Every structure is written in structure tokens, then in C-alpha cells.
Amino acid sequence: MKEIITGRLAKRIDGIAINELGIPSLKLMDSAAEAVADTAKEAAVRIMTTGKSINGGLKEDSDKSDISIRVFAGAGNNGADGVLCAVKLIKAGYTDTEVYFCGKEEKESPEFKIQKAELLSLGKSLHDFRKALGEKETLPEVDDNRDQTGSPECGEKNADIIIDALFGIGLTREVKGDFSECIDIMNRAKERGAFIISVDVPSGLNSDTGENMCKRPVAADITVTFGYAKTGFYMGYGYGNCGEIRVKDIGYPEGILPEDEESRQDVLYMQEDSDIQAMRLSERDIRANKSDYGKLVIAAGSEGMAGAAFFSGLAAFKTGAGMVKYLGPEENRGILQILLPEAMYDSAGEDLTELSCDAEGSDELSCDNEAYAKHNGRITDEKIRNSIAWAGRRGCVVLGPGLGRSEYARYMTETVIRLLYEYNNSVHEGSAENKKPAVYLVADGDALNMISEKKELLDLLKGYAVLTPHVGEMSRLTGKSTEEIKHDPVGISRKFFNDTGINIILKDSVSVIPGKNSKTYINTSGNAALAKAGSGDVLTGILGALIMREGFSEETIASAAYIHGRAGVMAAERYGLNGTLARDIAEAVPEAVEDINR
């Protein structure tokens, strides 16, 4: 399990290490600079091996001195890391290494002054960034003419490697002036082929939120960060802008993370293969029968939308569910029994999807009127109640995929939730003091829309339900705009969980799974192949099957998101990002589990 922390907490950890544990700041800095220098050497070796220099190719007898390295340093300790990295590279034979200082001398930290003196002792200069622009020193060439801000053409040649040490984890203000221009130069040098290594965090990026603090943060190829990855790498603009993220140990002892409530708010958790391996999902008890792996009811689908139910059921079986039973309209029976003959089907009526619920009493919590519920004699509360009972202890109901927005969808959503609540309060596991729900719920898609319109239903879901909204559905559930949710997905997810007691997976390119005691998971295991119709339905099936097998917990919920993402990756390897379909993702679940267990 990886721990991801805010820049705010990272600064506190630095303080604990230095002030409470007595680790010298220069020792931590030396380890950090060494990690960055090693990464730069690796990039340099690749350039020398391939002969692909930014300057048009290297000669066969080229050596380290032919590699052009430019370091951009600010006045703080991040800049000091960069200067010390340059010192290490020069001593290692990379003599075409130059450092450009962007800042004010009076702002230099004590550590910066020490590293600057070390650089000067090697006969190297600390170039003033602004002066270098005017005098056309050896900055990376960024434009053939003056750019729009009036900066002159500068440089004799491009850099092969750029080390970005301008701003660190403490950046919270807007970047302007020379600093903004310095970031622009690095980015434009990258467009010409320079390889960028950012120190701790790409300059211009808020390490807590992933917010842009300038018009365009440094687009790193590799971000070398220290101790822990930072939350801003996975939020907002940060996700996809940090390149490869390398977390390097610089000497923090184990257990250094504070465990107070304030600190827990600044930690996120990301699962790894080892967390899924512990579930031993590839194994199956030789003495077990199908019921031991759970009975899943899927209340889903509407006329013309059988696919969503199919994807959920297929994914559930592929994840290991023992039995699947559909509860849906008669129109979908034939389609689903052909697509997935392993599943059972219980009809919810022929014309219910077109029926209005206008009878007296329809404004109550459940749309429970006899004329509606008994239409054609096909669907009644009793039929839904029997399906819930069939699922039995540790069973699960998936509600919502492809359900539509008709009165039938409203009736199905409200009745399933009401009867599950009643069932779990009458039949439960454990003692009266420690009772656990007998049947769990996964709600997605149109069920979420129905819940958003009747928020009293949330009161019936605490402790046994998982909602899987995308950002738009989360907006309807919370009343927050999509922009607000994208800006603070962790905070809004946590607030929803704390206010309602209901578990969720907030689905986006980085999914958020909040839990008890502020423990919050994020998931990045997927790829763009998941941005396809039906992908979320696949997740409901995986989630339902895992809950029945592993039990109801935040860890199980996060694991479902992790496996779903990996299945998307496996499917895309076969069909490509554009060619992957939801059924391909479901089919890839067993392969993903096997790959995780290797």
C-alpha cells in the first residue's frame, strides 16, 4: 500500500526529521540531490547509447562532457537540491552542466548558500537567469525570434537534459514574471526534445491540489520526489503532467508519518499488486459450491438497454461470483439469456417501463400502489423481496445500470432500497449489538439519478451500500458543480461519506474511495480505454462479486476499482485504447487478476 501525502505534510515530516529526530538537513539534501543526479546520469547514458542528442547526434567517441545539462534553480531548498545535483554531475564528469538562478539573492536559504559556494569552488558560475537572457548565454534555445513577452533569442545550443529545481512543495501563490518565463523556457526546450527532470514536484504545480499556479507548469518527463508521492501528482492538472513518478528514500525512518487527525486528512492510500495478491482471488476452495461464492441479483436494464445488465453480470461471473440472477423487464429476457445463459432471469413485467405512477400515494417514499406494482401480475414488492431473500447472507444486489428514468425505474429503485433496508434490519449477521447487513447493495447509473431526486433514500443506505457515481452523478447527489468536484474530489467525497455514512467510488481518471477515520483511497490503475459506454457497468459486477467473496469494506471497494482499471489496461493491450469495448474489459478480468498475482 502506497501512502500519498500533501506538500503541507511533507514539510511537517521534514521538520520532524530535522528538529525532533536530529537528522541534519544537509544529509537529507545530499540524499535528494544524489537521487536526482542518478536519474540525470541514467538519461545521459541513454542519450549516449542511442546517439540521439538534442544537438543533432553524438559522435561515436562521445563521452559525458558532450551531454548538455541545464539546471534552473530557485532560492529555496528545492533550488539548493538542484545546485547540489549539478555539483555531483560536474564531479562525475558531466562538465557541460550549467546552473541558472531565478530569484533574489536576499531570499537564498542557508542551505542554498552552502551549495552555491560548493558550485563556485569548482570554477563554475551561478548564472543570473535574467542577465543570461540578455547576454545570450548557454540557456536552452527556446525560439528563433523574440517571443511574445519580448525575450531575446538566447543560447548557443539546446540542452539535452534540464533539471527543474525552481519551486518545490511549498508553492501556493501565482507564478509571474521571471519565474513564469523560466518555466516557459523549460517547456519550450522540451518541445525541441530536451529531457526534463523535476525535483520533488514540477515547478508551477500545487503539490497539494494539482492546481496550476501559472499558465502551464513544467511538463516533466520524470519527477523525482522524496519520501512519499504528493497528492497534487494525482489531482487536477498534476495527473499526467509529472511524467514518470519516482519516489526516492532520502533517510526518513519508518513510522515518521504523524497519526493525529489533522495529519490523516493529508494522507491518501493507493493499492498495489501485493494488496490484491493477499486476497488470493485466483484460488477456489475444492470443497466449495456455487453458493459459497455468492448470489448476485442485478436489478438493471430497460427496453433497449439490455447491454448494461449484461456487462454487469458478465463481469461478476468473470470475477468469481457463484450465481447471478437478473431482475428486469420482460423485453430483455431473451437477449440476456442468449448473451449470458449462465444467469437466471426474473421478469419485472412487459410494459412497466412505459407505465406512469400517478395513483394516490405515489409521493410517498416508495412508489407502492397496487395498480402500478401488480401491472400484468409480473412485478410486486413480494417478487423483489423474494429476490433479496434468494441472495441470502452475504449476497449482493446491483441496482441501476441501464434502468432508465421512467416510473418503472423509480419504482424499482425505491422499492429495492426500501425492502433491502427492511430485510437487513430483520435478518442480519452477528449479535444484536454487532449486527452486519445480510445483503449488500451496489448502486450505479440511473439508480443514482433516482436517489438524487429523492434524497430521503440516502437515510436507508448507511452501512450496506456502495454508490459509484461519475462526476456528473456526484454533482446531482451533492448539489456541487462538476467544477467544484473536479477541484476538490477528495474533500467532497470525504464530506459525503462523513455526512451520510454511505461508501462511494467517485469515478474519474483518478477515482476516490473515502472511508472511516479519514482513510481515503485513490485509484490510478486504469487508462483511457475505460472512457467507454458500459465500463461503469463492468465495475458494478466486479464490485458485487468481490463484496460477496471478501466482505464489505473500504479495502474491498478500492480493490474492485483497482482490478477494473487493470482489466482496462489488459484489454487495451489487445484491442487498443480506442478499440476496447466494455465486454472486452469484463472478459479481461481473469487475465488482469492473473497478471496481478504474477
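Since the structure is predicted, the reported quantities are computational estimates derived from the model, not experimental observations.
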Open item on the list: Applying side-chain hydrogen bond (donor to acceptor under 3.5 Å, both in side chains) as the test, list every pair that has at least one member in residues 230-241; sequence neighbours left out.
Closed with: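 Of all non-adjacent pairs touching residues 230-241, those that pass side-chain hydrogen bond (donor to acceptor under 3.5 Å, both in side chains) are Asp200-Lys230, Thr225-Lys230.
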TODO: With sequence neighbours left out, write down each residue that passes side chain to side chain donor-acceptor pair (under 3.5 Å) with Glu244, or none if nothing qualifies.
DONE: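 Only Arg246 meet the side chain to side chain donor-acceptor pair (under 3.5 Å) criterion with Glu244.
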Open item on the list: When you measure from the centre of the six-membered ring of Tyr269, is the NZ or CZ of Lys519 closer than 6.0 Å and no more than 45° off the axis?
Closed with: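 Flagged: Lys519 positioned over aromatic ring of Tyr269.
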Would a 4.5 Å heavy-atom cut-off, applied to side chains only, mark [X] and [Y] as touching?
X	Y	answer
Phe233	Pro202	yes
Leu205	Leu171	no
Val442	Ile547	yes
Arg405	Met450	yes
Lys516	Glu554	yes
Val397	Leu420	yes

A quick test of your reading: do over 12 heavy atoms of other residues, nucleotides or ligands sit less than 6.0 Å from [atom1] of [X]?
X	atom1	result
Lys480	NZ	no
Arg583	CZ	no
Glu261	CD	yes
Phe496	CZ	yes

TODO: Please say which of Arg494, Gln265, Glu262, Arg264 ends up in a side chain to side chain donor-acceptor pair (under 3.5 Å) with Ser518.
DONE: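 Output: one option passes, namely Gln265.
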- [ ] Look up atom CD1 in Ile451 and atom CG in Leu460, then write down how far apart they are to the nearest 0.5 Å.
- [x]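 It comes to 9.5 Å.
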Task: OG1-CE distance between Thr468 and Met474, expressed to the nearest 0.5 angstrom - done: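 It comes to 11.5 Å.
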With distance as the sole criterion, is a donor-acceptor pair present between the side chains of [X] and [Y] under 3.5 Å?
X	Y	result
Glu555	Tyr521	yes
Ser553	Thr556	yes
Ser511	His564	no
Ser263	Asp260	yes
Thr540	Asp444	no
Ser282	Glu594	yes

Without placing hydrogens or testing angles, list every side-chain donor-acceptor pair under 3.5 Å for residues 571-578, not counting sequence neighbours.
{"from": "Arg574", "atom 1": "NH2", "to": "Glu591", "atom 2": "OE1", "distance (Å)": "2.8"}
{"from": "Arg574", "atom 1": "NH2", "to": "Glu591", "atom 2": "OE2", "distance (Å)": "3.4"}

Open item on the list: So if I apply the side-chain contact (heavy atoms from CB on, under 4.5 Å) rule between Leu281 and each of Met279, Gln277, Glu283, which one comes out positive?
Closed with: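 Testing each of Met279, Gln277, Glu283 against Leu281, the sole residue satisfying side-chain contact (heavy atoms from CB on, under 4.5 Å) is Met279.
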Open item on the list: Ring centroids only, cut at 6.0 angstrom: are Tyr440 and Tyr464 within range, meaning strictly under it?
Closed with: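 No, ring centres 6.0 Å or more apart.
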Task: Lys/Arg-Asp/Glu bridge criterion (N-O < 4.0 Å) met for Asp499, Lys495 - done: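 Yes, charged N to carboxylate O under 4.0 Å.
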Task: Residue pair Arg476, Asn449: steps toward the side-chain hydrogen bond (donor to acceptor under 3.5 Å, both in side chains) verdict - done: CA-CA 7 Å; Arg476 291 188 282 275; Asn449 293 323; 2.9 Å; yes
